[in-house]
Amino acid sequence: SVQQLSRCEVKVLRVLYPASAALLAGWSAVLATCLGELLRTSLRYPGVPAFNTYLTSPHEVLFLLLGATVPLPVQVHLLTRSLCFFEAQAVLPIFYVGFVATAVGASGVFFGTFRWECYTWQLAPLLGGLALAVLGALMLTCLRRALPKGAGSVEPASGGDADGPEDADD
């Protein structure tokens, strides 16, 4: 239970659960993309040996297949556990930023999407979007802490009919 942990341990777990789930999700996305590219190339050029040499070993395909699918239950478990213990306003942006940074960054480096000639023009929107997600999460968290306790909560109406409150002027 989280109540038995110190404040420092709770803060570490608040970041560790979604960050590790994001890294696993990014890993799965990159390996699934690799597997898809290998299969697409093999099916598009079946008679060309230069393109079929990528699938020389079934161990490579098995590694990609297992690497893309085995982390999925662990990722779902970590994300579910973090959402059970902590508020979604903190968990989801950490997961989103970690996943996008891992998946886009690794795919960009691995597949050569990021070219050094225009690296800053490609990297600037990615970093800007990630910074905007973090800023939004911080603003939501600060707004929630700034509101007095109970403000913004809707309490059920006591008595009355099912249509809602009656008009006082009638």
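Grouped with Ile94 in one hydrophobic cluster are Val15, the linkage being side-chain heavy-atom contacts under 4.5 Å among Ile, Leu, Val, Met, Phe, Trp and Tyr residues.
Listed for the Glu37 side chain is no donor-acceptor partner under 3.5 Å among the backbone atoms of Cys34.
Under the 4.5 Å side-chain heavy-atom criterion for grouping Ile, Leu, Val, Met, Phe, Trp and Tyr, Val10 is connected to Leu78 within one hydrophobic cluster. Linking Ile, Leu, Val, Met, Phe, Trp and Tyr whenever their side-chain heavy atoms come within less than 4.5 Å puts Leu65 and Phe63 in one cluster. No continuous path of ILVMFWY side-chain contacts below 4.5 Å connects Val30 to Phe99, so the two sit in separate hydrophobic clusters. At a threshold of 4.5 Å between side-chain heavy atoms, the hydrophobic network of Ile, Leu, Val, Met, Phe, Trp and Tyr places Val100 and Leu132 in two separate groups. Linking ILVMFWY side-chain heavy atoms closer than 4.5 Å, directly or via other members, places Leu13 and Val74 in a single hydrophobic cluster.
Atom OG1 in Thr80 sits 11.5 Å away from atom CZ in Phe85 (nearest 0.5 Å). Here the CG atom belonging to Leu31 is positioned 10.5 Å from the CG atom belonging to Leu66, to the nearest 0.5 angstrom. Between Glu9 atom CD and Arg14 atom CZ the span is 13.5 Å, to the nearest 0.5 Å.
Taking every heavy atom of both residues into account, Thr102 and Trp27 meet most closely at CG2-N, 4.1 Å. Taking each heavy atom of Pro73 and Thr69 in turn, the nearest pair found is CD-O, 3.5 Å. Here the shortest heavy-atom pairing between Gly67 and Ser28 reads O-OG, 4.1 Å.
Counting heavy atoms from C-beta on, the side chains of Ser107 and Val104 never come closer than 4.5 Å. Counting heavy atoms from C-beta on, the side chains of Gln75 and Phe95 come closer than 4.5 Å.
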Acceptor/donor pairs from residues 17-25 side chains to any protein atom, 3.5 angstrom cut, sequence neighbours excluded:
unit_1: Tyr17; atom_1: OH; unit_2: Arg81; atom_2: NE; d: 3.1
unit_1: Ser20; atom_1: OG; unit_2: Leu16; atom_2: O; d: 2.8
unit_1: Ser20; atom_1: OG; unit_2: Tyr17; atom_2: O; d: 3.0

